[in-house]
Amino acid sequence: MFEEIRRKIRKGQRLTKEEGIALFNTEDIYTLGELANEVSRRINSDRAYFIVNQHINPTNICINRCKFCAFSRSKGQEGAYELTIDDIISELRQTQEKIGYISEVHIVSGLHPEWSFQYYLDMISEIKSKFPSITIKAFTAVEIDYFSRKSGLTIDETLTKLKKAGVSILPGGGAEIFNSKIRNMICPEKISGERWLQIMKVAHKLGIKTNATMLYGHVETYEDRIEHLSRLRELQDETGGFLAFIPLSYQPHNTHIKIPYLNALDDLKTIAVSRLFLDNIPHIKAYWIMLGEKLAQLALLFGADCLEGTVIEEKIAHSAGAPSKKGISIPELAHLIREAGKIPVERDSFYNIIKIW
Ligand code: V47
């Protein structure tokens, strides 16, 4: 099987869904990793990227109850919180004082029952006016859909307003698994996979780059994963708007979907198959928050070329028991990359090189 796939990959030919599934079913993790690393080097040379960023989650109050989510709360429930715009500004200021600068702020929230779209626009405008040099990556397709329904604006109008206020790029969250049967099991209230893809398509048409994710390791099958990757690959053929793909390793604690075992090899496989199958998405992120620092480092030899970033204080995965620290320093990221035999490259949000470490 690998001989045919190796031959196709060397010729730059696209893998079929059947070949993608066969790769997931292989036990030959070494050959899989070797091939994925080869492709990663062809696209990104020996570089591995990270960004100086901060994740901010303005609220965990959410009208949805996704079964995999340990972060969401109802208003008034213990642990529910709401940040004001001043709180967010002060968090960013503290980080700037501590590490000197931030290249990107990544903002993802719950679907708050009371906050208006205008509040989010004010939030973005205020961040942009106080920190003009920080790139704002904000709001998943799920939130964009919610804003549009709340405000009565079309997706195009909603995104145009956000772009004008200062959003430059959308994070890839909320994609979960596109297959409707699985999606209805794990997040029945969430927008459909089709809607997620539609919203990304509008963003790309407006010139807003986005990322894409896939939540794996819960109740989905390899076939569901390949179907998911295939839908992303199709949209990318059409728009070219995805910058990076991030497989999100399921964190099971405090959630309603229990899984019996952890599986590091499945994490490495998923990174490798993503690199081999998504021949048109330039970057594959090993999200160190969900993989843990050491496994994320190893993933750099299995097709990943990016470790996300400094993050500062992660909340979503840590509510569900993520095995990592909540934030990491630049020297630590550079060390993980260098020791994997790659060149540590600090990037901006669009993968332009800021500094080689
Ligand atoms: O949308 C929620 C997922 C996402 C769990 O675009 C869970 O650069 C695992 O999208 N186990 C948020 N995953 C994180 C995200 C992200 C992270 C880093 C970079 C980027 C990017 C995007 O986390 C959610 C959801 O899909 N999630 N709960 C859980 N228990």
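One-based numbering along the sequence shown.
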inquiry  = Can you see whether Asp267 engages Thr270 through a side-chain donor-acceptor pair at a distance of less than 3.5 angstrom?
reply    = no
key: Atom NZ of Lys181 with >12 non-hydrogen neighbours under 6.0 angstrom   = no
request  = Please report the closest heavy-atom contact between Ala80 and Gly76, naming both atoms and the distance.
outcome  = CB-N, 4.3 Å
ask   = According to the interplanar angle, ranging from 0 to 90°, do the rings of Phe50 and Trp357 count as parallel (below 30°), tilted (30 to 60°) or perpendicular (above 60°)?
value = tilted
ask   = Using 30° and 60° as the class limits, which term best fits the ring planes of Phe24 and Tyr222: parallel, tilted or perpendicular?
value = parallel
task = Measure up the Tyr120 and Phe139 rings against each other and bin them: parallel (under 30°), tilted (30 to 60°), perpendicular (over 60°).
result = perpendicular
task = Would you kindly confirm whether Met200 and Leu278 end up in one hydrophobic cluster when ILVMFWY residues are joined by side chain heavy atoms under 4.5 Å apart?
result = yes
key: Nearest-0.5 Å distance, CD of residue Gln297 to NZ of residue Lys294   = 9.0 Å
key: Sidechain-backbone polar pair: Glu314 side chain, Ile316 backbone, donor-acceptor under 3.5 Å   = yes
inquiry  = Within the structure provided, determine whether Ser148 and Ile144 are in side-chain contact (heavy-atom separation under 4.5 Å).
reply    = no
Nearest atoms (heavy-atom pairs only) where Ala304 meets Ser40 = O-OG, 4.0 Å
inquiry  = Can you confirm whether Asp28 sits close enough to Leu32 that some side-chain heavy atom of one is under 4.5 Å from a side-chain heavy atom of the other?
reply    = no
message = Looking at every non-hydrogen atom in both residues, tell me the closest pair between Tyr351 and Ala244 and how far apart they are.
response = OH-CB, 3.6 Å
query = What are the two closest heavy atoms between Leu15 and Ile5, and how far apart are they?
reply = CD2-CG2, 3.9 Å
query = With distance as the sole test, does Thr26 use its side chain to make a donor-acceptor pair with the main-chain N or O of Ala22 at under 3.5 Å?
reply = no
query = Looking only at side chains, do Thr140 and Glu143 share a donor and an acceptor under 3.5 Å apart?
reply = yes
request  = Ignoring hydrogens and angles, tell me if any N or O in the side chain of Thr135 forms a donor-acceptor pair with the backbone of Glu104 under 3.5 Å.
outcome  = no
ask   = Quick one: do Glu176 and Lys67 make a salt bridge, cutoff under 4.0 Å?
value = no
task = Establish, from distance only, whether the side-chain atoms of Glu220 and His228 form a donor-acceptor pair under 3.5 Å.
result = no
ask   = Is the number of heavy atoms from other residues, nucleotides or ligands within 6.0 Å of CD1 (Ile63) greater than 12?
value = yes
note = Minimal heavy-atom distance between Asn44 and Pro282, with the atoms involved, is ND2-O, 3.0 Å
inquiry  = If only side-chain N and O atoms count, and only distance matters, is there a donor-acceptor pair under 3.5 Å linking Glu223 with Asn179?
reply    = no
inquiry  = In the structure I gave you, are the side-chain heavy atoms of Tyr81 and Lys315 within less than 4.5 Å of one another anywhere?
reply    = yes
task = Please examine the side chains of Glu234 and Leu197, heavy atoms only from C-beta on, and report whether any two atoms are closer than 4.5 Å.
result = no
request  = Answer yes if the side chains of Ser72 and Arg65 hold a donor-acceptor pair under 3.5 Å, and no otherwise.
outcome  = yes
inquiry  = If we ignore hydrogens and angles and just use 3.5 Å, is the side chain of Asp46 paired with the main-chain N or O of Ile343 as donor and acceptor?
reply    = no
request  = Flag yes if more than 12 heavy atoms outside Lys201 fall under 6.0 Å of its NZ atom; otherwise flag no.
outcome  = no
inquiry  = Measuring from atom CG of Leu170 to atom NZ of Lys163, what distance do you get when rounded to the nearest 0.5 angstrom?
reply    = 10.5 Å
key: Non-hydrogen side-chain atoms of Arg225 and Lys269 separated by less than 4.5 Å   = no
key: Residue among Val39, Ile284, Ile337 satisfying side-chain contact (heavy atoms from CB on, under 4.5 Å) with Asp305   = Ile284
note = Rounding to 0.5 Å, atoms CG (Asp237) and CD1 (Ile281) come to a distance of 9.5 Å
task = Determine whether more than 12 heavy atoms belonging to other residues, nucleotides or ligands lie under 6.0 Å from atom NZ of Lys161.
result = no
inquiry  = Can a donor-acceptor pair be found, under 3.5 Å and without considering hydrogens, that links the side chain of Asn254 to the backbone of Ala320?
reply    = no
task = Find out if a path of hydrophobic residues (ILVMFWY) with successive side-chain heavy-atom gaps under 4.5 Å connects Phe350 to Phe131.
result = no
ask   = Is there a salt bridge (Lys or Arg N to Asp or Glu O under 4.0 Å) between Arg41 and Glu38 once you walk through the steps?
value = CA-CA 5 Å; Arg41 290 179 66 180; Glu38 191 179 314; over 6 Å; no
inquiry  = Just checking Glu27: does its CD atom have more than 12 heavy atoms from other residues, nucleotides or ligands closer to it than 6.0 angstrom?
reply    = no
message = Looking only at the aromatic ring of each residue, does the gap between the centers of Tyr250 and Phe68 stay below 6.0 angstrom?
response = no
Result of checking Arg275, Arg42, Lys342 against Asn37 for side-chain hydrogen bond (donor to acceptor under 3.5 Å, both in side chains) = Lys342
ask   = With a 4.5 Å heavy-atom cut-off, do Val311 and Ile328 have their side chains touching?
value = no
task = Quick one: closest heavy-atom pair of Thr213 and Phe245, and the distance?
result = C-CE1, 3.7 Å
message = Using only atom types and a distance under 3.5 Å, with no angle test, would you say the side chain of Arg14 pairs donor to acceptor with the backbone of Asp279?
response = no
ask   = Can the positive tip of Arg6 be found less than 6.0 Å from the middle of the six-membered ring of Phe2, inside 45° of the ring normal?
value = no
key: Gln198 versus Arg195, side-chain donor and acceptor atoms under 3.5 Å   = yes
task = State whether Glu78 and Arg73 are salt-bridged, where the test is any N-O pair (Lys NZ or Arg NE/NH1/NH2 against Asp/Glu carboxylate O) under 4.0 Å.
result = no
query = Any donor-acceptor pair under 3.5 Å linking the side chain of Trp288 with the backbone of Thr310?
reply = no
